[in-house]
Every structure is written in structure tokens, then in C-alpha cells.
Amino acid sequence: MVESRYYGQYGGSYLPEILVSTFDQLVTAFKEAKNDPAFWEEYEQIMSSYSCRPTPLTFAGNLTEYFGGARIYIKREDLNHTGAHKANNVMGQGLLVKRMGKKRVIAETGAGQHGVATATMAAKFGFKCTIYMGEVDIARQRPNVFWMERLGAEVVPVTDGTRILKDAINEAFRDWVTNMDDTHYVLGTACGPHPYPEMVSYFQSIIGREAKKQIIKSEGKLPERIYACVGGGSNALGIFSSFLDDSVELVGVEAGGDGLNTGRHAARLASKDGTVGIAQGFKTYFLQNSDGQMQETHSVAAGLDYVGVSPILSLLKEEGRVRFESATDREVLDALSLTLKKEGLVPALESAHAFAQAFKEVPNLSRDDIILINQSGRGDKDIFTIADAFKDPDWQKFIQQKAEEYRA
Amino acid sequence: MVESRYYGQYGGSYLPEILVSTFDQLVTAFKEAKNDPAFWEEYEQIMSSYSCRPTPLTFAGNLTEYFGGARIYIKREDLNHTGAHKANNVMGQGLLVKRMGKKRVIAETGAGQHGVATATMAAKFGFKCTIYMGEVDIARQRPNVFWMERLGAEVVPVTDGTRILKDAINEAFRDWVTNMDDTHYVLGTACGPHPYPEMVSYFQSIIGREAKKQIIKSEGKLPERIYACVGGGSNALGIFSSFLDDSVELVGVEAGGDGLNTGRHAARLASKDGTVGIAQGFKTYFLQNSDGQMQETHSVAAGLDYVGVSPILSLLKEEGRVRFESATDREVLDALSLTLKKEGLVPALESAHAFAQAFKEVPNLSRDDIILINQSGRGDKDIFTIADAFKDPDWQKFIQQKAEEYRA
Amino acid sequence: MLESYLRNRLKKKDILLMTHLVLGYPSMEDSFRIIETMVEAGVDLMELQIPFSEPVADGPVILHANQMALERGATVKQAFELAEKVVKNFDIPFLIMTYYNILFKYGVPRFVSEMAKKGIKGSIVPDLPPEEGEEYFNAMEEHSLSSILIFSPTTTLDRMQYLAGFAGGFVYCVARKGVTGSSTDFSEELAGYLSMCRNTTNLPIALGFGVKEKKDVDFLTQKADIAVIGTQTIKVIEKDGIDAAGDFIRRLR
Amino acid sequence: MLESYLRNRLKKKDILLMTHLVLGYPSMEDSFRIIETMVEAGVDLMELQIPFSEPVADGPVILHANQMALERGATVKQAFELAEKVVKNFDIPFLIMTYYNILFKYGVPRFVSEMAKKGIKGSIVPDLPPEEGEEYFNAMEEHSLSSILIFSPTTTLDRMQYLAGFAGGFVYCVARKGVTGSSTDFSEELAGYLSMCRNTTNLPIALGFGVKEKKDVDFLTQKADIAVIGTQTIKVIEKDGIDAAGDFIRRLR
Ligand SMILES: Cc1ncc(COP(=O)(O)O)c(C=O)c1O
Ligand SMILES: Cc1ncc(COP(=O)(O)O)c(C=O)c1O
């Protein structure tokens, strides 16, 4: 039986027949793990001894003063091992893979963070590892490709379709339908067929659980608003999940690209361009044309450059529980620059979307208010993109010198 | 009065007269801070809310199994904000600068880690910041230069002398003798005139304090040996300091470069080439000729490529309390590769020296033994050096394509 | 009814041939000519794939055909127009094969009724398990169209029985794990799998994925009712042109 | 004794001139010619810097001279040979200026006795505060050499008095914060600083750092006993050659 879980009308499990039994197995393994208290304990243990959990909640005093509005706190997922919240999901799925007795993992990656995280987990657990990554993303996130390979993973460039995240997902599925016996597909975000949206959110919920305790400890009360960027939705759901029943405004920030009215963006929920559809195994909002063909998306941040979005977020949007906004590439670079200079923090380009939106709103909040921004990752990986965005002449000279050396 | 503290015959305070009053002020401020229990509390607080302290102690199960000797634990200073133990020192000195009411900081940097850490601290505390960095190091640690500049620091290339770490220190002193009124020099390691060796070790001692608690908690006993790389000596002293009175063998690993008998290395204590001298304000072992002229050093790791070493370590060597060894560039790259593949950890090239030496010794230890390796930093910053060492063809192609883009 | 057509046909032939093509690849005009050629060469039924941007279950050759068709502007409307035309012109059953989003965006009942109107006999939707397909199966039944379901080597006996309850026309048995276009090992194991499929359904059974030459079709004769040739015809056409497809089909039997 | 030489000389001149050079830059031979030229031009005493690889207190011009001298092979031995030769040839006092490691590696007592043997009158070691210098000061006293100490604008009155207790020959007052070679503001503030220096020691006082033209020397006359010209002579020589140094010195007074 295909067990398909829906969130309102979103979600489901639109599987090719060949994968039905594999999903059966996965659903069962995840259910058992979830019901086994020792599992979450083991998960927390590995996250605290191998990664750096709990990650801190940093008060951003300088930004707070600069904007003169609400007090700004930043949840530091950038301090995770491998530099992003992706570690949470990956280590959780790694433990499941061990339970299922499989020996190989595959994954898609956009920003490369999920790929690096998966390759790292595979090294740690002794699994073989193949990572699918769109050609366009390989070009803009080369350092991460380098590290995946050094970690012992095979990185397969995806040259089909739009050659970004969604195409890498398709390729991973194609691998999986061939090798499901010994292989687990470590999906990187809260998308895909059931149980992925639930499972990924479950592992990422560690962010919100910690953040809630931390903010109460620091301020004795909950924040007014929480900001998180939304690619597939996993870091956003990770932090939102602990606050759904509280009177806290939750803001998901999508990639505005060149602007919502240019067509060049990846705002599935914040723009009028998204419509409900079914692809990659689940039903949600997609950027697609009237025939149902998926459209090209655009963002400076490879990790947000995705055509669909978590079905759980689609429901939360429908219910009005989460507000969706977008930040343009330009706004994001400005927010990144400001955060570097004011706080010494280097958000990933993805995370900088959350900062950008928060910066638009924070001046209008009261000084007694608190907001919380989820810094889903660090920007080291984005050095080429950021250097290009700022047209850094010394960097360009350095690269040209390097190229000369290699030519010799 | 020049207060000069000696460690055996090493240390002291060989200052130009112009700096005497500045050091007076610093010695006093540090003494007061050290005697103020609230200061260490504030320090721990900022290290846990802004960086990720306590950093985990990770059991390296796969490496343990691979070598079949002692159980290997890794102290994860790589998980600090900015990616190395340098954060510990820098945030501590930042708090002192606040106490002294100064508004500008300067620093030397070799690997760039201390520069990035200082630039970050300056952003966080709102100080102006200038970083001195040798031209040779700028070329091999370009990503760190990029980030320092983005953080708002001015990076000044040092074109004198051997154009590496020691020359950057000289330049920083030259800045300081002009601007001491509003400027503090954030020295990056446990070297230089008193109080730096003591002060930097004091802040870095947080590593050993945590590690000791953690290993006792995990294993109920102390390790047999502890390995740390030795550039100036700050990460080594940081972890060693809590174990000096215990029966734990402490091993400091210096840069063997091309090999101790090639002359191209930076082993001041592990080789026969080091002799006692006085430079950069303190007395210790230096790599110098018979006239007292400092020699060129060599290491694949910019952060170990230093001509002197902490006076505290010179004494510990003399007393036989710390054993000094060296690892060659080649051994270091192999150790790095193995650690990546087996554990999913990316040590900095500096830190990989400690791994390399541990790997040589661990097979000969018993399975009941425990060893501890200090992973002082992460290797992201070393991507260019590592890619070059492994002659990665895809990386070279990528850099050449980038160079083409920039030419257009 | 598709099933009775197949049963009749099977009285005359040991094994039937079903071919596949992607509508709009290389162009809509060429698609018409390919169909014409194949019908003349004696195929017994055909599946017409409406291209989709995310054909997850397809391998590189069909994936590429989907993408090229879309790049050249293929639309669902054009696909239906072509389907209507070939149904009128050629006297074999035609099926639509596509992914579920194409139906969903069109409106599932509207899509099914459109198929019926155009004279299409049934459809294959590889990413729609019955559990998710209530609307689709209802509409198909309403219009007496055949819902072709898929058995795979990972499908349990229980599930085959469950699937059989939704199936119409014939059952499409996938020869192996993987996507379309890789090679298949025509072995005793495959024969065993086919006899298990046979035992779970009363419908005729088709075998697809990796059928590419006479030897394969010979192997399947007696074991299956229909041999499905997908990727291989696209390859033949890409290499030797549309006319070569006729010879290729004729040489299979 | 250096001090009495200076006192005598000061009876004839309002202000004395001390110049500086780096031994071995551009070469040992050139160093000899430079010294010769300067003595002929009427300098009253000279400090001869033995190059060191880490001249922390020196600015870019002198730093560069140190490095070039070392690159061209300058050694401590050669420096002493040259010192011996100039002492024999020229009838003014010569001082050695260098960083402490040069003495330390040579052996401090041995170094000091070598200076004495060569007829050197004293030395300046800018990175050696008296607190660290017991061995040095003892040896200097033993050989009746003058230990030239440094006052700086950040030196407190207390400390000046403390330093004065170790000083011999004269006191070297640094005009401002910073390294050698930057420009100095010859102002009332400087005059105040000099009178404070004067009040703390009975020794003659020299002022250095940034003295580069007649105007500066004129300003210092009456306020200091010795004007020290360092960087500027190196610049003149680098620009116009060794002979220009003579004219340069003559024009200062
Ligand atoms: C740092 C970072 N943040 C956010 C995202 C977006 O993913 P999600 O919305 O699942 O958190 C990515 C994806 O690669 C990422 O690398
Ligand atoms: C990661 C890392 N480890 C070690 C060192 C060496 O310094 P120390 O010996 O002071 O720890 C450096 C210096 O830059 C460094 O960046």
C-alpha cells in the first residue's frame, strides 16, 4: 500500500510502481524510529558530538541598534558541521539508513550544501555515495563539488532540463529506481513523496526546539516574528515547527531573483506565478505553465532556485499561518554585506534572504519586540558568487594568476 | 616598569621604549581582567552565544578501527565561528580592548584565520581594523583575504623580508608604535613580549578545560596522549594547559615541510636547526643563522610557517614535558585525505599536522588507550592549496573558465 | 474495448507489438509520419507520450525527446490534435502515455473526456498509483477507457492483485528495475516474473523496457501477449531516419 | 669618554650632527666611502647599524637597507672589520646601533668587548629595555662604553628618571611616535618634550626621527645638543649618489 500523507490538499505520494515497496520500507522504518525514544536520543547525541548542537542563538546588538526597531536574534545553523542546517536532516537519515541496513546513499544538491552534508554523513557512516548536481549549480558552487569529491563521493553533473536542483532530483530518482535494494535516497528538503516532507521536517525540528528554549531563556518571552528563507522549506519548517501554536508571526522568504514582475525568480508562494501541480512525486505549488510544464526559475542562491516547495508550507500559506515574502538578488547582497560588517556573521546567500526581509520590516517594530532570523548556513561556499556580485578586482586578478599557473 | 615574565630562560619583553607604556597598560588591564571572575564569565558567555562553545569532542570510530590502535578523539575547534581556535583568543582580547577603551585593532595573519577572526571580532565590537599579511600568504590564502575585506577590515600586503607571518608581525609592530593611543595589537598566538604568551594561552585554555571534562565524561579517564600542531603554539598550549599536571603525554607537531634534513621546514623545536634568540620582542627558539639573522621557513600550512615559537613551549621542551615531532607536507596531505574519507572531517592544513603525527603513532598503542587530537581549524580556507596539491583537473578547468569570464 | 481487440488480434498472431513515441519529437509532422510508417509496418497498438518537463521514469533517450519536443513548442493541445488525426487515419488502438501533472493541470475529468472524444482507447500514467488516482479511475471508467497499470519486479503478489483490480485493457509489466532505455537480460528469471504476472491478472500482459530486437520478441512469445518497443524506435529514427522505422518493426517478427 | 668629547665639541658648535648608516648598504666598500664623505662634511659622530633581519623599530627606508645589506651577504664579522677601519681612519666617535639578537647570538660580553677593542665608543640597542639588559649594561660599564638610551614621547617622567640611571654618553630622544623615516612636526609641543627630557638627565640630549633639512636643525639648536639624521641621508644617497651626501650634510648647518 502506498501510504500517502496529505497536508490539506498538498503532499501525497505520486510514485512509479517500481518504488512502491521501497517507500513502504522507508515509511515503516521512519515510523518505528519515530516511536522509539532511543532513536531521537541517539540523534541528539550524534548531533551534539559530531556537529555542534545546540547551535547558539546570537543577539545581534549592532544590527538592532542600526535599525532602531525590534531586538534581533540569529539562530546559528551556520555553525553546524559542514556549515548549514542540512547536517540535521542528513545525519537523521543516516541513522535510518543504518537501521534499514542499506550500504549506499544518493542525493541531489543545489547549493552543494546538502551534497557536502550527505557526502560527509556517508564518510562517517561508511556508505558509498553518489551526488547529483545540475551543471549550472556545479559552475556556481564549485568549492562544494571539490569537497564532495575529496570526501569520497561521486558527483554526477546533470545536463538535462534546466540543469539545476529539480533536474538533479529527477536524476536521483532515476538512480534510485535502478538501485533501491541497497540504496537510500537522502532527499535534502521537506519536499518529495511522503514520508520525506514529514521526515525532513522532523529532523529539522531540532532547530525550533532549541531556539524556543533559548529565546525564553534569554528574553523570558517569545519573539514577535521569525524569518527563514524558503528553498524546499526544510530550514523554515525546522524553526517554525515549534512555534506553530504560539502567537508568533512566521515569515517565509523566497527568492525574488530579478524581481517578482520580471518572471526571473523562484517565488512559488509569495508571487502570483505559482499554481498547484504534481511533480517529483508530490502535490504542491509549482512555477509551471498552463500545460503543467515546469518553468525555469532564477535566484542568486542555488539552494533557493527550486520550482516547487514543501507541501506543508503550501498548507500553512493557505491557512494564513505563515506569511510569504520575497527578497531580490540585490536586496540579498546588500543584507549580506551589512551583516558581515555589523556583526561579523557570514550568512549563506540562501540565508541572507531571511535577513533581507527582516531588515525591511524591523525598523517598523517596537524596541520591545523581538525577532528571530534563522541563519541556515554560512557563506564560505558562496565566495565565487559574492566576489562576482561585488566585482572584486583583486579576486579576479588572483583567479587569473591561478589560471596562468595552471596553463603552465 | 617593563614587567617581563620568563618561562625558564624563555620569554621576556624586549620592547622599544615607545611601547613600554602601552604594554604597561595592557599588562595591567589583563591582570585586572584575570582577577575579575566576571570577566571569564563574560568571556565564556560570548564564546557560547557568538561562537559555538563548548565545541564537541568527536569520537573518530572509523579511524580508530582503521588503525586498530588507541581510541581516537578529536577536539573540534573547527566548529568555532570563523572556523578555528583563533576565535577564542580574539574574542578574549576584544573584551580587553573594550575595557581599555580603544577603538582600533590591528593584527598580523599567516593562514588568514587569525585575520578573519580579528576582522570578525572588530565588526562585532565596532572597532576599526587593519590586518597585515605577507604577500606570499595572501597568494595562498586568498579566500580569507576576501572575507576580511568584506568584513570591513583593511588588509595590508607585507612585501618586506620573507613576506610571511614573521614579517607581518614586524609590520603590525610598526603600525602600533605609531598608533598605540587608540589601537590594540591583537597578536594571534602565544608569542611576542609579555603578556602575550600568557594572555593568549589563557584565552585558549578554554580548549583544554572543556576537553578534559569531555573525555572524562565519555571515557571515565584521561587520554594517553594529546596531539596538537604548533605554529606559534596557541592551540597546543590551549589544549595542553589543562593536562600539564597529569600523566598524559603531550605531543606538539611542527611543520616538517620538505623534510627536516632539507632545510625547508619550520621545525624550531623538533629539529636540530633551532637555536635560542631574541626577536619580535621575546626570547625563544628561532630558526636563525649564526649571526642571529632569521631564516626562511617553509610549510604547506601558512599558519605553521613561522620562525619562532611560544616561549612557554620552549620551556616545556627543555623540561621534557612536551615531546616535539614534525610532519612533512606530504604526510599532512595524506592525513587530510584519510580524515576526509574516513570521518567526514576537514582539518585545516595546520591541524592536519597533528593528525599526521597521531596516525604514525596510534597503531602502536593499545586498544584500551585513548588519544586526543586537537583539530584547530577547518580546511575550507585551504581549498586552493589542497586542490593544487592534488592537482585536481576539474578545479583547474573551473578556475580557467572563471579567468576567461573575468577577461571578457 | 481494448481488451477484446487484443484478444481477437492474439488469435491471429503469437505476440503483438506496441510501439511508443513522444509526440512533437522531432516535430508534430514527423510524429504523424512515424506513426504512419509504424502502422504500415504492422504494429498492433501504439502509446503516444505527451511530453512533460519532468519525466522521472524515463531514461536519457526518451527524456531528451521530451525536452526537445517542449523546446520546439509542443503543447497538450497540439498533442490532442495529432491524436485525433491519427485515430481517424489509422485503424489500430492508440493510448496516451504521460505524467500525472499533464492531466491534473488540464483537469482530470476534462482530460479523460477529451481522450474519449478523440477516440483514444486508454492511457498509461506511470506516476499515479491507484491510491492517489480516484478521480482519474472514476473518469476512465465513466468513459469506458482502459487504465493501463504497471507491474514491476519489485511489486509484491499482494499488490499485483490489488493493482489488477484497477487495471483495464492489459497490464504493462516492466521487465526490470531502472528507467526506460537500459538493456534487459532476457532470462529464466524474467520468464518466472512474467508467469507470476500472468497468474495475477486475467488481462493480456505486455512486457516493456529493453525490448530491442527479434531475439527479444521471440523470447517473449508465449510468455507475454504484447512486446513493447520504446527507446529502440527513437534510436533507430535518430540514426537512420523515419523510413528506417518501418523496416525495423518488420524485422522484429 | 663620549660625554666629555661631546661637551668639548659643544663649546665650539651650537648643535652637533650625528648621522646614521646601515653597514653593508649598498656595500661594505660604499659604506666606507659614505662615512668618509660625511666625516669630511663635518658630522660630529656617527651610528653604524649592523643589519638585522627583523628591524622592528625601523621604517621602510632603513628596513630596505637592512634587507639589501643582508641579501648581499653582510655579516657581523664584516661589520666589525669595517668599524675597526673607520675608527682608525677618522677622528670622530662611532657608535654601533643594532637589535639585541645580534649581540645575544654573538655573546653579549664578547660583543661588547669586541666593540671596545675596535675603538667603538658606545651603542644603541633599541629593543633592549634596561629591565632585560643586565648582562649588557654590566659589560658596557666594564669596558667603559656608553650605553645610549632612548626617551620617547610616551615615556613618563618617572621612567625617564629610571632610564637616565642607565644612560651614558647622551640620551637619544625620539621626536615622535612611529618608526624612523616618517615626517615630524617641529612644533612647540616638541620643544616642550625636549625641555622635559633635558630636565631629567644631565647628559647631552640628541633628537632623532624626521630631521631632514636645515630648518629642522635650526629649530633644534638650543633645544637639543645633537640632531640625528637617519633616513634622509640614505634617501639622498639613493637618489643622487654618495658624493651628494657631503653637500647635504654641509647644507644642514
Ligand atoms: C544554507 C541553505 N539555506 C537554505 C537552503 C534552502 O533549503 P530549505 O528551504 O530546504 O531550507 C539551502 C539549500 O541548499 C541551503 O544550502
Ligand atoms: C587552523 C590553525 N591551526 C593552527 C595554527 C597555528 O597557530 P598556533 O600554533 O598559535 O595554534 C593556525 C595559525 O594560523 C591556524 O590557522
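Within every chain, numbering begins at 1; the chains are lettered A, B, ... in the order of the sequence lines, protein sequences first and strands thereafter.
For a residue to count as touching a neighbouring chain, one of its non-hydrogen atoms must lie under 4.5 Å from one of that chain's; by this rule A:Tyr6 touches chain C with the side chain only. Proximity to chain C is absent for every atom of A:Gln295, based on heavy atoms less than 4.5 angstrom apart. With a 4.5 Å cut-off on non-hydrogen atoms, C:Ile150 touches chain A through its backbone and its side chain both. Using a 4.5 Å cut-off between heavy atoms, A:Met180 contacts chain C through its side chain alone, with no backbone atom that close. Heavy atoms closer than 4.5 Å to chain A are found nowhere in C:Asn66, neither backbone nor side chain. For chain A, the nearby parts of C:Thr75 are the backbone and the side chain; heavy atoms of each come within less than 4.5 Å. Using a 4.5 Å cut-off between heavy atoms, A:Gln288 contacts chain C through its side chain alone, with no backbone atom that close. Heavy atoms closer than 4.5 Å to chain C are found nowhere in A:Thr22, neither backbone nor side chain. Interface residue A:Val20: only side-chain heavy atoms are found under 4.5 Å from chain C. With a threshold of 4.5 angstrom between heavy atoms, A:Val276 approaches chain C through its backbone and through its side chain.
Taken from CE in A:Met294 to OG in C:Ser53, the straight-line distance is 5.5 Å, to the nearest 0.5 Å. In this structure, NZ in C:Lys177 is found 7.5 Å from CD1 in A:Ile18, a value given to the nearest 0.5 Å. Summarising the geometry, atom CG belonging to C:Asn101 is positioned 10.0 Å from atom OH belonging to A:Tyr14; distances are rounded to the nearest 0.5 Å. From C:Glu54, atom CD reaches atom CD of A:Gln280 across 5.5 Å, with rounding to the nearest 0.5 Å.
Heavy atoms of other residues, nucleotides or ligands lying less than 6.0 angstrom from CD of A:Glu296 number 12 at most. Annotation for A:Gln25: atom CD counts as buried by contact number, over 12 foreign heavy atoms lying within 6.0 Å. Counting heavy-atom neighbours within 6.0 Å of C:Lys85 NZ, excluding the residue itself, gives a total of 12 or less. Shown here is C:Glu189, whose CD atom has no more than 12 heavy atoms of other residues, nucleotides or ligands within 6.0 Å. Around the CG atom of C:Asn202, the shell of radius 6.0 Å holds no more than 12 heavy atoms that belong to other residues, nucleotides or ligands.
Side chains of C:Pro55 and A:Arg174 form a contact here, defined as non-hydrogen atoms less than 4.5 Å apart.
Exactly one of A:Asn289, A:Asp291, A:Thr275 qualifies for a side-chain hydrogen bond (donor to acceptor under 3.5 Å, both in side chains) with C:Lys105. That residue is A:Thr275.
Chosen from C:Thr155, C:Ile102, C:Leu63, the residue pairing most often with chain A at heavy-atom distances under 4.5 Å is C:Leu63. Contact tally against chain A (heavy-atom pairs below 4.5 Å) for C:Leu128, C:Val179, C:Asp158, C:Asp127: the top residue is C:Asp127. Your options are C:Pro60, C:Ser182, C:Pro126, C:Gly133, and the one with the most heavy-atom pairs under 4.5 Å with chain A is C:Pro126. Counting heavy-atom pairs closer than 4.5 Å to chain A, the top-ranked of the candidates C:Phe52, C:Tyr162, C:Tyr100 is C:Phe52. Ranked by non-hydrogen atom pairs under 4.5 Å with chain A, the options C:Arg176, C:Glu131, C:Glu132 are led by C:Glu132. Among the candidates C:Ile50, C:Leu163, C:Val125, the residue making the largest number of heavy-atom pairs closer than 4.5 Å to chain A is C:Leu163.
Closest heavy-atom contact between A:Val2 and C:Pro129: CG2-CB, 4.0 Å.
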